[in-house]
Amino acid sequence: MRYSKNFLVSLYQTMQKIRKFEQSAEQLFLEGKLPGFIHLYIGEEAIATGVMAALNQGDYITSTHRGHGHMIAKGGDIKRMMAELFGKTSGYCKGKGGSMHIADFSIGVLGANGVVGGGLPIAIGAGLGIKMKETNQVVVAFFGDGASNTGAFHESLNFASVYRLPIVFINENNQYASTAKTKETTSVQNISDRAVSYSMPGITIDGNNIIAVYETAREAIERARDQGGPTLIEAKTYRIKGHFVGDPTKYRENIEVNKFWENEPIKIWEKQLLDSKIITDKEIKKINEELDAQISEAILFAENSSDPIPENALSDLFVDDAGYDY
Amino acid sequence: MRNISYAEALGEAILEEMERDDTIFTYGEDVAKQGGIFGAYKSLLGKFPNRIFDTPISEEVIYGSALGAALVGMRPVVEFHFADFLFTGIQSITLQIEKIRYMTGGQGKLHLVLRGPDGVSNSAAAQHSESIETIFMHIPGIKIIIPSTPYDIKGLMKTALRSDDPIICFEHKSLYATKGEVPEEEYFIPLGKAEIKKEGKDITVVSMSRMVHESLRAAEELEKEGISLEVIDLRSLVPWDKETVIRSVQKTNRLIVAHETWRRAGWGAEIASTIQEEAFDFLDAPIARIGARNVPMPFNALMQNFVTPNKENIIIEAKKLLGR
Ligand SMILES: Cc1ncc(C[n+]2csc(CCOP(=O)(O)OP(=O)(O)O)c2C)c(N)n1
Ligand SMILES: [Mg+2]
């Protein structure tokens with residue numbers, strides 16, 4: 001392969017880090033330790049990992065309610081993420097946001113978002129801002145198949161096209177929007193077909209193929225950086241877990257899910273790395289042990305962090321917030 | 001001192017700040033080529049062509065993009081065309097702009113301004129006449145300015161353009177062409193500072209926007225009958241200047257709150273409630289609320305005028321409060 005071993009192995013590491021984080025979150029939630037809602041990214045790790053591998057540190061992303069993977073791949077600190085899931089003061093949002101609102105503006109993550117399609121207009125603004133500033137940064141907007149049916153999707157892609165904004169739209173088509181099957185609620189076979197209406201390239205790829213994701217994203221990101229305008233990439237994948245942890249998933253058959261476990265991105269990538277002798281079993285074991293240790297450390301950090309005092313609820317609304325509570 | 005229009009004063013504020021700060025840019029529907037549907041941007045025509053531009057009719061993106069642009073370090077000023085059309089992009093404001101800083105534990109500075117026309121005008125009917133500032137007072141997360149004069153809009157807008165918090169500015173359509181004194185020298189008006197437009201001793205009238213002028217007209221007429229109104233213009237609604245209102249009520253012992261938006265659950269109810277909580281002992285009469293009748297705005301001028309509050313309503317309420 002044309003890539004360095006380091007690079008190829010780092011893709012594996014990032015995907016596994018996301019997977020392990022998600023598995024721990026699921027477990028902790030089921031044990032009753034985490035409040036709220038958790039939407040897992042299990043089975044979709046190749047998308048965030050491949051896209052972020054093609055982005056620069058100074059680039060921006062907008063994320064979704066299923067955002068842990070985006071955050072980890074962009075370099076988020078899993079300790080502060082885990083602490084946020086617990087609602088602790090040491091969390092990314094000091095316990096005010098939770099899973100659906102994790103953000104780190106300092107590393108370019110402009111927020112997960114609890115509103116389906118809600119990140120798209122924000123990405124447009126970041127793109128506009130970059131254009132005004134004349135820097136060569138790029139914005140990647142992640143959104144689901146369900147989000148491609150919102151008005152925000154239409155407004156955003158049209159706007160990005162008209163102003164040739166430096167944005168790459170990454171549609172994570174995991175074939176479900178909550179309980180609804182995408183093919184039953186969506187007017188096109190491939191969501192990338194919609195790009196035609198916005199005069200931008202539209203590409204459908206196998207979202208479980210990490211190299212396909214990386215290479216397609218890289219090309220689109222370079223085009224955006226060179227003022228070549230936006231691209232819509234549809235990465236087809238599968239939401240292996242329920243919509244949220246605890247979803248009884250009465251709306252689909254186990255047989256369907258089992259089929260996708262066979263085709264999940266980490267398994268595929270691990271096999272490829274082993275088959276092509278890029279990595280040994282021993283190295284895989286070591287990576288996984290290191291990741292397990294990092295995750296345990298994050299959980300420990302979160303569990304040992306203090307709860308906020310209730311009065312903290314009254315801060316952080318405004319920069320200048322003296323006297324605004326009446 | 002020179003006399004300039006409300007629209008000119010707004011334009012001056014934006015131009016002066018754009019010259020000083022190149023992160024400021026402004027956009028919306030029909031702003032660059034037309035100068036805004038009610039001429040708010042007339043004085044900006046031809047200026048800064050790259051930093052003043054027209055957009056597609058995509059309100060959710062227009063408002064939401066202000067947030068994204070602020071997060072990458074810019075200071076966007078977005079026009080909302082008609083206050084009514086805040087609703088077509090409302091989630092970008094109420095679910096994103098008003099919440100993101102709080103939800104992320106205080107990350108980021110949302111230096112952005114949303115501004116545009118509101119209020120009743122000649123038979124514009126139900127979808128082009130609304131005043132909806134109360135909604136933004138109700139939902140925490142955005143500051144509200146509502147200037148009533150050229151002097152105020154210049155001073156408040158200049159403050160807004162240097163603030164690090166999101167601000168929404170409502171400009172009554174009937175005010176753009178009105179003229180007033182505006183000094184050549186630079187000045188700023190802080191948020192949360194009301195102005196006593198006219199001192200009086202019998203009744204305090206709290207209002208904003210067009211209703212300030214109606215209140216002043218009512219005061220002039222009532223003066224002839226020996227009734228003295230103290231007229232207060234709040235100028236900003238979040239935050240609002242509670243201290244000035246309380247001090248006035250301690251003197252007059254009577255309060256009327258007058259706004260153009262609907263009377264039912266309008267912001268006047270919030271003011272009235274606060275004053276009865278904090279200055280109950282000073283009140284000699286129930287607080288009177290004046291606002292539009294609780295229907296959408298009708299088209300026919302006779303019906304429109306019936307529904308919309310004006311100086312007559314203030315005169316009637318004032319006399320009632322005094323038992324005359
Ligand atoms: C505007 C809006 N409508 C409905 C919901 C409730 N909801 C949360 S996630 C979701 C499904 C989203 O599907 P998709 O965009 O495909 O993302 P996925 O969950 O599959 O990652 C729904 C309906 C919401 N959060 N926001
Ligand atoms: Mg989906």
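Quick note on labels: first sequence line is chain A, next is B, and so on, each numbered from 1.
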Structural part of L110(B) lying under 4.5 Å from a heavy atom of chain A: neither
For Q227(A), look at atom CD and say whether over 12 heavy atoms of other residues, nucleotides or ligands are found less than 6.0 Å away. no
Heavy-atom distances under 4.5 Å only: say whether A160(A) touches chain B with side chain, backbone, both or neither. neither
Leading residue by heavy atom contact count with chain B [cutoff under 4.5 Å; candidates V162(A), N113(A), N158(A)]: N113(A)
Atom CD of residue position Q57(A) - does it have more than 12 heavy atoms of other residues, nucleotides or ligands inside 6.0 Å? no
Please state whether the side chain, the backbone, both or neither of Q107(B) comes within less than 4.5 Å of a heavy atom of chain A. both
Is there a donor-acceptor contact under 3.5 Å from the side chain of E98(B) to the main chain of L317(A)? no
Filtered by a 4.5 Å non-hydrogen cutoff, the part of residues 72-90 of chain A contacting chain B is none
Flag side-chain contact, heavy atom, 4.5 Å: V319(A) against R101(B): yes
Per the salt bridge (charged side-chain N to carboxylate O under 4.0 Å, His left out) rule, what does the pair list look like for residues 94-111 of chain A, sequence neighbours excluded? K94(A)-D316(A), K96(A)-D316(A)
Gap between atom NZ of K109(B) and atom CG of D320(A) - 0.5 Å precision: 11.5 Å
Side chains of V115(A) and Q96(B), heavy atoms from C-beta outward: is any pair under 4.5 Å? yes
Using every non-hydrogen atom in the two residues, find where C93(A) and M103(B) come nearest and quote the distance to one decimal. CB-O, 3.1 Å
Pairs satisfying salt bridge (charged side-chain N to carboxylate O under 4.0 Å, His left out), at least one member in residues 71-80 of chain B, at least two apart: D21(B)-R75(B), R75(B)-D164(B), E79(B)-R115(B)
Over all heavy atoms of both residues, which pair between V61(B) and A152(A) is shortest? Give the atoms and the distance, please. CG2-O, 4.5 Å
Looking at chain A, which one of G64(B), S58(B), P76(B), G73(B) has the largest number of heavy-atom pairs inside 4.5 Å, strictly under? S58(B)
Throw together a table of side-chain donor-acceptor distances under 3.5 angstrom for residues 120-136 of chain A, partners on residues two or more places apart or in other chains.
from: K131(A); atom 1: NZ; to: Y163(A); atom 2: O; distance (Å): 2.8
from: K133(A); atom 1: NZ; to: V72(B); atom 2: O; distance (Å): 2.7
from: T135(A); atom 1: OG1; to: Q137(A); atom 2: OE1; distance (Å): 2.6

Is the number of heavy atoms from other residues, nucleotides or ligands under 6.0 Å of R223(A) CZ greater than 12? yes
Is it true that, when you exclude Q250(B) itself, more than 12 heavy atoms of the residues, nucleotides or ligands shown sit nearer than 6.0 Å to its CD? yes
What part of F53(B) gets within 4.5 angstrom of chain A, counting heavy atoms only: side chain, backbone, both, or neither? side chain
For the pair Y102(B) (side chain) and A313(A) (backbone), establish whether a donor and an acceptor sit closer than 3.5 Å, ignoring hydrogens and angles. yes
S92(B) versus chain A, the contacting section by heavy-atom distance below 4.5 Å: side chain
pair F159(A)-T55(B): side-chain heavy atoms closer than 4.5 Å: yes
Side chain from CB out, backbone as N, CA, C, O: work out which of these in F105(A) comes under 4.5 Å of a heavy atom of chain B, or both, or neither. both
Does some side-chain heavy atom of I57(B) sit less than 4.5 Å from a side-chain heavy atom of E155(A)? no
Can you tell which part of N50(B) gets under 4.5 Å to a heavy atom of chain A, answering side chain, backbone, both or neither? backbone
